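Because the structure is predicted, anything quoted here is derived from the model rather than measured. In this chain, residues are counted from 1 in sequence order.
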Amino acid sequence: MGENSTNELLIRIEKKYKKMSKGQKRLADYVTKNYDKAVFLTAAKLGEVVGVSESTVVRFATQIGYKGYPGFQKALEELVRNKLNSIQRMEVTYGRITQSEILETVLQSDIEKIKLTLAGIDQKAFELAIDTILNARKIYIVGIRSCAPLAAFLGFYLNLVCDNVTAVNTNSSSEIFEQLIRINEEDVIIGISFPRYSMRTLKALEFASNRKAKVITLTDSVHSPMNLYSSCNLIARSDMASIVDSLVAPLSVINALVVALCMKKQKEVVETLETLEEIWGEYQVYSGDELNQVNDTVPINPDRKQEEKYYE
């Protein structure tokens with residue numbers, strides 16, 4: 001069983017409980033009953049709440065098998081995310097802060113997720129992802145529910161860099177398999193999934209893997225089920241334990257992927273953009289859609305004749 005699986009922390013506490021000191025047993029009792037509160041406490045604050053020293057808290061974390069308090073806290077985060085439903089998460093996270101603190105709290109949490117992602121990112125996996133995408137005959141991207149915007153964003157920009165990019169339509173499982181029916185060992189699929197993990201995404205990766213396609217995942221943990229079929233795992237932290245999944249760090253990783261691919265294919269990207277500019281100009285794609293930067297008035301009801309001249 002993986003270190004961060006749902007009940008691992010509670011199992012560890014139960015196994016070690018009999019040999020714990022009185023102070024550590026008080027800690028164990030508090031954490032077991034109030035893990036939704038403990039997850040937000042520093043070692044010092046947890047000690048204060050339970051009535052033991054900070055050093056006792058740190059020893060407790062190492063005694064049950066974690067690398068200091070940060071490792072223990074990460075396991076707590078996993079437990080909270082798996083145990084609480086969305087309504088409970090919202091109450092836990094936002095029930096203790098005033099409305100004026102929400103903006104700063106959420107943005108600071110997102111900043112922290114990017115920092116943790118940067119510290120833990122596997123550079124070799126990132127470079128492997130770039131090479132795999134560049135060498136693929138066809139690129140499939142799958143992301144469902146809250147991950148759908150990430151998949152759409154990645155698909156939009158990959159389409160400017162690479163040929164044969166398919167953002168898989170994920171309305172139903174049958175649709176997914178219909179679109180993947182010709183996937184083979186020359187292709188790559190990029191699966192994006194964060195808790196709650198999508199079974200449809202997992203099945204798509206399994207199908208692609210069975211067809212010998214390369215599989216790249218963008219997910220939140222090495223223990224994510226998405227990595228079962230993947231040879232290239234990009235890990236981005238998303239664990240804001242609330243009703244809203246923090247997808248800022250995954251989007252940053254996607255940005256880095258796109259920039260790296262653009263740098264590898266500068267000539268092709270420039271040619272594509274030049275061609276698009278010509279097409280946009282020829283078909284007046286943006287002529288009626290962009291604000292005039294010089295004369296910044298916006299016509300609410302443009303004259304009908306003005307409108308008709310575009311179609312002459």
Hydrophobic clustering (ILVMFWY, side-chain heavy atoms < 4.5 Å, transitive) - are [Y] and [X] grouped together?
X: L134; Y: L128; answer: no
X: V258; Y: L160; answer: yes
X: V259; Y: V161; answer: no
X: M199; Y: V142; answer: yes
X: L10; Y: Y30; answer: yes

Once ring-ring contact (aromatic ring centres under 6.0 Å, His included) is applied, what residue pairs with a partner in residues 103-154 remain, sequence neighbours excluded?
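Matches after skipping sequence neighbours: F153-Y157.
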
Tell me the ring-ring contact (aromatic ring centres under 6.0 Å, His included) pairs involving residues 160-187, sequence neighbours left out?
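Passing the test, one end in residues 160-187: F177-F207.
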
To the nearest 0.5 angstrom, please state how far the [atom1] atom of [X] sits from the [atom2] atom of [Y].
X: R237; Y: I114; atom1: CZ; atom2: CD1; value: 13.0 Å
X: L154; Y: L150; atom1: CG; atom2: CG; value: 8.5 Å
X: S252; Y: D110; atom1: OG; atom2: CG; value: 9.5 Å
X: I235; Y: T217; atom1: CD1; atom2: OG1; value: 6.0 Å
X: S53; Y: R59; atom1: OG; atom2: CZ; value: 5.5 Å
X: L202; Y: S193; atom1: CG; atom2: OG; value: 8.0 Å

Partners of E175 by salt bridge (charged side-chain N to carboxylate O under 4.0 Å, His left out), sequence neighbours excluded?
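Listed in chain order: nothing, the list is empty.
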
Salt bridge (charged side-chain N to carboxylate O under 4.0 Å, His left out) partners of R211, counting only residues at least two apart
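Counting only residues at least two positions away or on another chain, R211 forms no salt bridge (charged side-chain N to carboxylate O under 4.0 Å, His left out).
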
Which atom pair, heavy atoms only, marks the closest approach of [X] to [Y]?
X: Y17; Y: K25; result: O-CE, 3.2 Å
X: L205; Y: G191; result: CD2-CA, 3.8 Å
X: I192; Y: T201; result: O-CG2, 4.1 Å
X: A125; Y: C232; result: O-SG, 3.1 Å
X: K16; Y: Q63; result: CE-O, 3.4 Å
X: A151; Y: G143; result: CB-N, 3.8 Å

Taking the side chain as everything from C-beta on, heavy atoms only, tell me whether [X] gets closer than 4.5 Å to [Y].
X: I189; Y: L180; result: yes
X: I141; Y: L158; result: yes
X: L247; Y: S146; result: yes
X: L257; Y: L234; result: yes
X: T117; Y: V253; result: yes
X: V168; Y: I190; result: no
X: L27; Y: T56; result: yes
X: F72; Y: T62; result: no

Quick one: does Q179's side chain have a donor or acceptor within less than 3.5 Å of a partner on N169's backbone?
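Yes, because the side chain of Q179 sits within donor-acceptor range (under 3.5 Å) of the backbone of N169.
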
If we ignore hydrogens and angles and just use 3.5 Å, is the side chain of T219 paired with the main-chain N or O of S224 as donor and acceptor?
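Not confirmed, T219 side chain does not pair with S224 backbone.
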
By side chain to side chain contact (heavy atoms under 4.5 Å, CB included), which residues pair with K212, not counting sequence neighbours?
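By the side chain to side chain contact (heavy atoms under 4.5 Å, CB included) rule, K212 matches E185.
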
After noting the C-alpha distance and the side-chain angles of T166 and I139, does the key distance pass the side-chain contact (heavy atoms from CB on, under 4.5 Å) rule?
CA-CA 6 Å; T166 298; I139 302 157; over 6 Å; no

By the salt bridge (charged side-chain N to carboxylate O under 4.0 Å, His left out) test, which pairs, at least two apart or in different chains, include something from residues 119-148?
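Pairs touching residues 119-148 that pass the test: R137-D187.
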
side-chain contact (heavy atoms from CB on, under 4.5 Å) between I13 and T32, intermediate numbers included
CA-CA 8 Å; I13 289 174; T32 303; 4.1 Å; yes

Check the pair M20 / I64 against side-chain contact (heavy atoms from CB on, under 4.5 Å), numbers first and verdict last.
CA-CA 10 Å; M20 288 180 185; I64 60 173; 3.8 Å; yes

Kindly confirm or rule out a cation-pi arrangement of R12 over Y66, judged by NZ or CZ under 6.0 Å from the six-membered ring centre and within 45° of its axis?
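Yes.
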
